[in-house]
Amino acid sequence: MAAPSCSARGLWVRGSWQRLGNLFTFISKPLCSAAAASRPLDAQRLAERLRAQKQEQKTKKPVPTNPVQRRVQELLRFTEQLQRVHPNVLAKALSRGLVHQDKDLVVINKPYGLPVHGGPGVRLCISDVLPVLAKMLHGHKAEPLHLCHRLDKETTGVMVLAWEKDVAHQVQELFRTRQVTKKYWAITMRVPVPSAGVVDIPIIEKEVQGQERHHKMTLSPSYCMDNGKIVRVRTSRNAHLAVTQYRVLSSALSSALLELQPVTGIKHQLRVHLSFGLDCPILGDHKYSDWNRLAPQKLSACILKKLGLRQSKARHIPLHLHACQLTLPALQSGKEELNLVCKPPRYFVHSLHRLGLKMPSRDQNGDEEAAHSGAQ
């Protein structure tokens, strides 16, 4: 009797497991189908990620052995990184490179590739980090700093900020009334003739016709040649008076280092006067080296050889225009004028050495020692 009982119990157990198995199969079918539906999505994401990594490996360029090309690549990467850094990081970098600081003003050394104001495609600019920079310098209760003037995105050098809005307006008025002395250094293609002089040609903004329509500043001269005679022409109402003093500090076979002193402050004045007025465009000026198109600057074989670059890499050369010195009149009675001097960036100095140009001595650049002491 025990055997049948055991057999019956075994049949019951086997039957129970079979019923549980059927139930599990019944329940698991919709779960499996749901998992199957989600699995292709995960696989698709994984495939996209693998494709992106493979594409990144393909586009990843090998590190060049030439030190100049390596420096150009680093500068390009640095410019792109500037637009991705956190405002706190940028403010910290600016605070480390202060040129001058007192109870009225803060003077920074503006880096290359950093715009002053925001705009289309601009993720980060100097005006965005002024509140953070003020807190780093004066504590968490400090009010934001104020801009006193502007520099182009590609221009480096002296830039003045003010603690109070009234002081900022005062400095802006000094700029507007041309009481501020500004000096720039520029490395140019070719050597201007004569080696020193004044470019006094009005500037106007015009639309460039062609495949890519765009606007550029250009010359609007008051005189022209007619049958070998100089004839005065009617000046456009939209033209702006523009005056630039220049002198050659150092020159080589196909390039020169110029000191520029703009008397007026028209948009892109220095770049236009050098390129279209003196036929000596600034090294790295890809906008004003050719009027008809927007294209990388065409460099001579001599300059390419000295820089150790190919023409295909010329588009990565930065603009070699540096605001080296700025002299502010006394903001209050009883105070002396403020002389501010900024050293050029490393890529600027490196290009000087490669092109065989000499850094100016103290005598050439004015009383630089006094300027440095005024900036302490």
Side-chain angles (χ1 to χ4, degrees), residues 75 78-79 82 90-102 104-116 125-127 129-130 133 136-137 145-162 168 171 174-175 179-188 244-247 249-250 257-262 265 269-271 282-284 318-329 331 336-353 357-376:
L75 190 65
F78 173 71
T79 305
L82 269 178
L90 178 58
K92 188 70 174 177
L94 294 176
S95 66
R96 288 174 179 169
L98 286 185
V99 177
H100 173 82
Q101 182 182 357
D102 58 29
D104 295 320
L105 302 173
V106 172
V107 182
I108 63 173
N109 186 356
K110 180 191 168 299
Y112 172 82
L114 184 63
V116 175
C125 59
I126 288 182
S127 59
V129 302
L130 293 183
L133 180 60
M136 285 184 177
L137 298 177
L145 287 158
H146 302 276
L147 293 168
C148 296
H149 63 115
R150 66 182 299 274
L151 289 175
D152 290 341
K153 174 184 175 182
E154 297 86 0
T155 306
T156 61
V158 182
M159 186 161 192
V160 182
L161 310 171
V171 176
L174 293 175
F175 274 94
Q179 298 182 56
V180 179
T181 303
K182 298 170 286 184
K183 290 184 180 180
Y184 292 77
W185 284 351
I187 299 178
T188 61
T244 303
Q245 298 180 10
Y246 75 91
R247 65 177 178 134
L249 300 178
S250 177
L257 172 64
L258 269 60
E259 180 187 84
L260 308 169
Q261 189 170 336
Q269 172 181 321
L270 300 178
R271 299 163 68 177
I282 300 175
L283 180 65
L319 182 71
H320 286 64
L321 180 61
H322 175 68
C324 62
Q325 186 174 350
L326 191 146
T327 304
L328 275 175
L331 298 180
E336 297 181 353
E337 67 178 14
L338 190 62
N339 294 316
L340 306 160
V341 174
C342 254
K343 293 182 179 179
R346 283 190 301 168
Y347 73 84
F348 195 102
V349 177
H350 192 69
S351 296
L352 284 177
H353 295 326
L357 301 172
K358 296 180 180 178
M359 286 283 288
S361 64
R362 292 181 179 179
D363 294 335
Q364 277 183 292
N365 196 37
D367 191 3
E368 188 172 329
E369 186 175 357
H372 275 296
S373 64
Q376 295 293 324

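The structure displayed is predicted, hence computed values, not measured ones. FYI, the numbering just counts along the sequence from 1.
For the pair Ala323 and Thr155, the tightest heavy-atom approach, listed with the atom from each and the gap, is N-CG2, 4.4 Å. Val341 and Val99 make their closest contact through O-CG1, 3.6 Å (heavy atoms, listed as atom of the first residue, atom of the second, distance). Across all non-hydrogen atoms, the minimal contact from Met136 to Ser95 is SD-OG, 4.5 Å. Considering all non-hydrogen atoms of both residues, Ser250 and Lys358 come closest at OG-N, 3.0 Å. Listed here is the closest heavy atom pair of His322 and Gly157: CE1-CA, 3.5 Å. Closest approach of Leu257 to Leu357, counting heavy atoms only: N-CD1, 3.9 Å.
Under the side chain to side chain contact (heavy atoms under 4.5 Å, CB included) rule, Met159 has a single partner from Leu326, Val107, Leu147, Asn109, which is Leu147.
Rounded to the nearest 0.5 angstrom, Leu352 CG and Trp185 CH2 are separated by 8.0 Å. Here CG of Leu145 is found 10.5 Å from CG of Leu94. Values are rounded to the nearest 0.5 Å. Distance check, rounded to the nearest 0.5 Å: NZ of Lys182 to OG1 of Thr327 gives 11.5 Å. The NE2 atom of His320 sits 9.5 Å away from the OG1 atom of Thr156 when rounded to the nearest 0.5 Å. The CG atom of Leu174 lies 10.5 Å from the OG1 atom of Thr181; values are rounded to the nearest 0.5 Å. Considering CD1 of Ile108 and CZ of Arg96, their distance stands at 15.0 Å, rounded to 0.5 Å.
At least one donor-acceptor pair closer than 3.5 Å links the side chain of Lys110 to the backbone N or O of Asp152. A donor-acceptor pair is defined here as one N or O able to donate and one able to accept, closer than 3.5 Å; no such pair exists between the side chain of His100 and the backbone of Leu98.
Taking the six-membered ring where tryptophan is involved, the planes of Tyr112 and Tyr347 are perpendicular, since the angle between them exceeds 60° and thus also 30°.
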- Message: Run Leu105 and Leu338 through side chain to side chain contact (heavy atoms under 4.5 Å, CB included) and show every step you take.
- Response: CA-CA 11 Å; Leu105 302 173; Leu338 190 62; 4.2 Å; yes
- Item | Step-by-step side chain to side chain contact (heavy atoms under 4.5 Å, CB included) determination, Leu260 to Leu321 | CA-CA 10 Å; Leu260 308 169; Leu321 180 61; 4.2 Å; yes
- Message: side chain to side chain contact (heavy atoms under 4.5 Å, CB included), that's the test. Do Val160 and Val180 meet it? Break it down for me.
- Response: CA-CA 12 Å; Val160 182; Val180 179; over 6 Å; no
- Could you please spell out the steps behind the side chain to side chain contact (heavy atoms under 4.5 Å, CB included) verdict for Leu270 and Tyr184? CA-CA 9 Å; Leu270 300 178; Tyr184 292 77; 3.6 Å; yes
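Scanning for ring-ring contact (aromatic ring centres under 6.0 Å, His included) contacts around His149 gives Phe175, with sequence neighbours left out.
Put simply, the side chain of Glu259 does not reach to within 4.5 Å of the side chain of Pro360, judged on heavy atoms.
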